[in-house]
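In what follows, a structure is listed as structure tokens, so that the remarks can point back to it.
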Amino acid sequence: MTVRNKASADKATACDCSRRVVLGAGLALVPWWAASSKADDETDPTEILPQVGDHFVYLAGDNEGQVVKSADLVLDGPQIQAYPADPSGRVRDGSRLNLVILARIDTTGVAPETLANAADGVVAYSGVCTHQGCPVNMWAADRSAFYCSCHGSEYNPKQGAEVVAGPAPRPLPALPLKSADGVLLVAAGFTAPVGVQN
Ligand code: FES
């Protein structure tokens, strides 16, 4: 890690990462197309990618398992990690590719493409780093950026999660949102393949 990245790590805020072992580095990621094929034969609803109308539940922490509401998220604060869940409450945690991060942002000056995918000022992205598949588990408060602690990649939540530092080769795919009485819901599928792409 470069000096800059070490400094970044020192300043970054950890998200609740109690499941980091499960979601951590070194795992061979299932290709996006393979994950998508699960939706076709519906072998396991917990493994398929987020579906339109899904809500979100907190991955861990004091709110673990609870429904994510836009008002719960701190404006310009750290992202939260969550999994989608179907309307019956079944959590789609059968695939690590389903990890999602959500953040509430000040929408002033935010790119129109980013705003189009937001609801109640909240944006959602894949929580799987595009570099080597670690969970994007920290927040660089001084730069208002998502931070991957594995190798220091940073993503700008206000600009489509574009890469602003580190080795990640591409932005985090966005997950378009809508809101129903403050409950955040999936409005469309991921805008790009999630995880590591060769
Ligand atoms: Fe390498 Fe995220 S996995 S920076």
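Nothing here was measured: the structure is a model prediction, and the numbers come from that model. Counting starts at 1 for both ligands and their atoms, in listed order.
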Please table the atom pairs, donor to acceptor, closer than 3.5 Å between any side-chain atom in residues 172-189 and protein atoms at least two apart or in another chain.
residue: S179; atom: OG; partner: D120; partner atom: OD2; Å: 2.6
residue: S179; atom: OG; partner: G182; partner atom: N; Å: 3.4

Exercise for the section: Look at the side chain of Y125 and the backbone N and O of P157, then say whether any donor-acceptor pair between them is shorter than 3.5 Å. Expected result: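 Here the side-chain-to-backbone pair exists.
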- Could you tell me whether R92 and D44 make a salt bridge, using a distance below 4.0 angstrom between a side-chain N and a carboxylate O? no
Note on atom 1 (Fe) of ligand 1: protein N/O/S atoms within less than 2.8 Å are H131 ND1, H151 ND1
Smallest heavy-atom separation, P50 atom then P84 atom, equals CG-CG, 3.7 Å
Rounded to the nearest 0.5 Å, what separation is found between the OG1 atom of T107 and the CZ atom of R104?
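Taking OG1 in T107 and CZ in R104, the distance rounds to 10.0 Å.
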* Asked: Measuring from W139:CH2 to S149:OG, what's the distance to the nearest 0.5 Å?
  ->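 It is 15.5 Å, given to the nearest 0.5 Å.
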